[in-house]
Participant: 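Below: one structure in structure tokens.
Here is how names work: the chains are called A, B, and so on, in the same order as the sequence lines, proteins then strands, and each is numbered from 1.
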Amino acid sequence: MLDLQLLRTDVESVASRLAARSFTLDVDRFKALETRRKEQQVQLQELQSARNQFSKRIGQAKAKGEDIAPLMAESEQSNTRLADLEKQLAAIQSQLQEMLLVVPNLPHDSVPVGKSADDNVEVRKVGVPRSLDFQPRDHTDIGAGLGLLDFETAGKISGARFALMKGPLARLHRAIAQFMLDVHTEEHGYTEVYVPYLVNAASMRGTGQLPKFEEDLFSVARGDGDKLYLIPTAEVPVTNIVRDEIVALDRLPLKFVCHSPCFRSEAGSYGKDTRGMIRQHQFDKVELVQIAHPSRSYELLEELTGHAETILKRLELPFRTIVLCTGDMGFSAAKTYDIEVWLPGQSAYREISSCSNFEAFQARRMQARFRNEKGKPELAHTLNGSGLAVGRTLVAILENYQRADGGVDVPVALRPYMGGLETITPPK
RNA sequence: GGAGAGGUGACCGAGUGGUUGAAGGUACCGGUCUCGAAAACCGGCAUGGCAGCAAUGCCAUCGAGGGUUCGAAUCCCUCCCUCUCCGCCA
């Protein structure tokens, strides 16, 4: 959510900055609502003030044993108007709120202006795709060849966009997550957390998934008619740790790492990445989250992105990092780096991590604050990034470490987590 | 699932209809005292919003929402959460 004050003082420039990300802010409607809000609020407060005066005088009169009937009569009509106005103002406030909740974040000045993914800018490229002396296969074929990756059975059990892994492949999947967690906790200073996978609507609103993106989420009904949502990323429960909290200055930045499953309905992505496990309804991810002092959040975004990149370096997987342009950024982000890993099976770089600074956008929605240098509560900045998506890392390993005989080498960094196994071999 | 207790400011805690945004204490900040510190004493110390150049004034907030009332932290209803005991369960 954007700062209301900013909108009040300078709607036009906000609107023009939002236009860079192809969002049209209805300036006239906003101004009209604001004008009415202002008038009615001032009026309402006057009436409330009058009511308080009346009650006070009635109390005093009663204490002295005076007749209070005239006072009561006078206050009655004032209170009728008050009740009326209260309703009107509430309606306007909620219209403003609704309007505001679906406005995306403002892009940071350093973000390149652009319309689509084509306008994203490569920041760096690390590692060189190894040359294979055979035609590389994609992970689906490699996994099937090993007899360890089975989409048919997953389809029988659940439907499309689910995967089933067996034996050393399932273990590799687990190893990847363990490895990431260990690097981030032991070398990058993150605190590991375990969190709920079902969250309430307030949490989803806090990080920006609601109200705009409900169709992307899975939910389950609760007995009382309310519902809980399956997390689409650990970002939701982890960032909401600080919802309605005031963090002490000396505890910043808070750094959390969390391994969790993620559930996405992938509505609107029909026909995209239908093959293999690139786009699933359920996947694992190791997520990095930071709650930061506003003065340091951009510096920390670079750092956090570096933490994610470290994993790829250790696994010796070639990747490139791009900065998303204004038109390609997510709803809540002020700046986003995507890390894309090389997939020989597709001859392409594919997203494996997305690292963003949300500035105070999420913090404002969830009232996540810290006590600043002056002792006053101030909105914190929130950041997060995948460090990394586990399923896609598995895909990258299968494709980059494939052998002519159908086997897959285990990256050196993961061997300790695989009982020393060096190669996953196909059945003879 | 059954029975009970409870949710008040950073924390503890008083407050059952009327100048209560809220006693008292702790913590914290400033000052006096001291060579310095402690103690003692004095003062300060919530958040959000509205109007205003500002000083300041006003409004809201005692888990959330609704209701009763001229007036609600206090009464009523619904919900959420926490704790204790029993049952069940990984």
Side-chain angles (χ1 to χ4, degrees), chain A residues 1-9 30-31 33-97 99-101 194-206 210 219-229 237 240-252 254 261 291 360 363-380:
Chain A
M1 194 156 69
L2 297 179
D3 185 5
L4 237 186
Q5 299 295 351
L6 184 67
L7 281 158
R8 281 177 190 153
T9 51
F30 176 79
K31 280 182 172 169
L33 280 172
E34 252 304 285
T35 310
R36 281 174 60 204
R37 191 223 90 229
K38 207 166 179 173
E39 287 167 6
Q40 301 205 352
Q41 185 162 348
V42 170
Q43 230 184 97
L44 176 74
Q45 291 192 352
E46 277 167 12
L47 286 171
Q48 284 172 323
S49 179
R51 181 195 59 192
N52 291 346
Q53 290 304 317
F54 276 125
S55 335
K56 222 174 246 186
R57 282 161 58 198
I58 290 173
Q60 288 166 340
K62 230 178 163 179
K64 287 186 211 150
E66 295 168 359
D67 180 23
I68 56 170
L71 276 171
M72 300 267 281
E74 202 181 333
S75 70
E76 194 179 330
Q77 51 167 301
S78 157
N79 280 357
T80 315
R81 279 213 300 146
L82 187 144
D84 210 48
L85 209 76
E86 231 164 21
K87 276 194 200 106
Q88 287 180 42
L89 182 64
I92 291 173
Q93 295 278 35
S94 78
Q95 281 179 58
L96 270 169
Q97 187 71 3
M99 193 175 172
L100 216 62
L101 274 174
Y194 172 84
V195 296
Y197 302 151
L198 297 172
V199 303
N200 55 33
S203 293
M204 285 295 186
R205 217 175 296 118
L210 290 180
S219 64
V220 291
R222 280 190 348 176
D224 57 8
D226 235 352
K227 54 184 167 181
L228 290 174
Y229 296 87
N240 274 280
I241 288 173
V242 292
R243 171 154 56 90
D244 294 320
E245 298 288 335
I246 299 174
V247 180
L249 182 65
D250 59 14
R251 289 184 60 214
L252 296 180
L254 294 176
I291 311 300
R364 187 170 295 110
R365 288 172 164 245
M366 63 173 92
Q367 286 301 300
R369 295 175 293 178
F370 69 100
R371 208 166 279 285
N372 68 18
E373 291 78 356
K374 290 176 184 159
K376 292 287 167 197
E378 182 180 334
L379 292 171

Participant: How do Ala50(A) and Gln41(A) order along RNA chain B: which one's closest nucleotide is nearer the 5' end?
Facilitator: Gln41(A)

Participant: Sort out the partner of A38(B) for me: Watson-Crick or G-U wobble, both distances under 3.5 Å, none otherwise.
Facilitator: none

Participant: Hey, does the side chain of Thr35(A) reach the backbone of Lys31(A) with a donor-acceptor pair shorter than 3.5 angstrom?
Facilitator: yes

Participant: Using Watson-Crick or G-U wobble geometry with both distances under 3.5 Å, which nucleotide pairs with U68(B)?
Facilitator: none

Participant: Distance-only check: which donor-acceptor pairs under 3.5 Å involve side-chain atoms of residues 86-95 of chain A, not counting sequence neighbours?
Facilitator:
unit_1: Gln88(A); atom_1: OE1; unit_2: Gln40(A); atom_2: NE2; d: 3.1
unit_1: Ser94(A); atom_1: OG; unit_2: Ala91(A); atom_2: O; d: 3.2

Participant: Any strand is fair game: report the nucleotide pairing with C85(B) by Watson-Crick or G-U wobble, both distances under 3.5 Å, or none.
Facilitator: G2(B)

Participant: Can you find an N or O donor on one side and an acceptor on the other, under 3.5 Å apart, linking the side chain of Gln45(A) with the base of G49(B)?
Facilitator: yes

Participant: Would you mind classifying the nucleic acid contact of Glu46(A) as base, sugar-phosphate or nothing, using non-hydrogen atoms under 4.0 angstrom?
Facilitator: nothing

Participant: May I ask which nucleotide in the shown strands pairs with C45(B), Watson-Crick or G-U wobble, both distances under 3.5 Å?
Facilitator: none

Participant: Calculate the interatomic distance between Gln367(A) atom CD and G49(B) atom C1'; express it in whole Å.
Facilitator: 12 Å

Participant: Expressed as a whole number of Å, how far does the C1' atom of G52(B) sit from that of G36(B)?
Facilitator: 48 Å

Participant: Grab the CD-C1' distance between Gln93(A) and A60(B) for me, whole Å please.
Facilitator: 12 Å

Participant: May I ask you to evaluate whether Lys376(A) reaches the phosphate of A46(B), defined as a side-chain N or O under 4.0 Å from OP1 or OP2?
Facilitator: no

Participant: Does the side chain of Asn52(A) get closer than 4.0 angstrom to OP1 or OP2 of G18(B) through an N or O atom?
Facilitator: no

Participant: What verdict does the salt bridge (Lys or Arg N to Asp or Glu O under 4.0 Å) test give for Glu39(A) and Arg36(A), after you've listed the backbone C-alpha separation in whole Å, the side-chain angles of each residue and the deciding distance to 0.1 Å?
Facilitator: CA-CA 5 Å; Glu39(A) 287 167 6; Arg36(A) 281 174 60 204; over 6 Å; no

Participant: Starting from C1' on G48(B), measure out to CZ on Arg37(A) and report it in whole angstrom.
Facilitator: 13 Å

Participant: Quick one: does Arg364(A)'s side chain have a donor or acceptor within less than 3.5 Å of a partner on Met1(A)'s backbone?
Facilitator: yes

Participant: Could you go through nucleotides 68-72 of chain B and list every protein N or O atom that sits under 3.5 Å from one of its N or O atoms, giving the distance for each pair?
Facilitator:
unit_1: C70(B); atom_1: O3'; unit_2: Asn79(A); atom_2: ND2; d: 3.1
unit_1: G71(B); atom_1: O4'; unit_2: Ser55(A); atom_2: OG; d: 3.4

Participant: Rounded to the nearest angstrom, tell me the gap between atom CZ in Arg371(A) and atom C1' in C29(B).
Facilitator: 13 Å

Participant: Under a 3.5 Å distance rule, please check whether Arg365(A) uses its side chain to pair with a backbone N or O of Arg205(A) as donor and acceptor.
Facilitator: yes

Participant: Using both distances under 3.5 Å as the test, list the Watson-Crick or G-U wobble partner of A51(B), or none.
Facilitator: U56(B)

Participant: Can you spot which of Asn240(A), Leu228(A), Leu198(A) makes a side-chain contact (heavy atoms from CB on, under 4.5 Å) with Ser203(A)?
Facilitator: Asn240(A)

Participant: In this structure, how many angstroms lie between the P atom of C79(B) and the CG atom of Asn200(A), rounded?
Facilitator: 18 Å

Participant: Mind checking Gln5(A) for me? I need base, sugar-phosphate or nothing, with any heavy atom below 4.0 Å counting as a touch.
Facilitator: sugar-phosphate

Participant: Would you indicate which nucleotide in A51(B), U19(B), G49(B) comes nearest to any side-chain atom of Gln60(A)?
Facilitator: U19(B)

Participant: Ignoring hydrogens and angles, tell me if any N or O in the side chain of Thr80(A) forms a donor-acceptor pair with the backbone of Glu76(A) under 3.5 Å.
Facilitator: yes

Participant: Both distances under 3.5 Å, Watson-Crick or G-U wobble: report the partner of A27(B), or none.
Facilitator: none

Participant: Paired with C33(B): which nucleotide, if any, by Watson-Crick or G-U wobble criteria at under 3.5 Å for both distances?
Facilitator: none

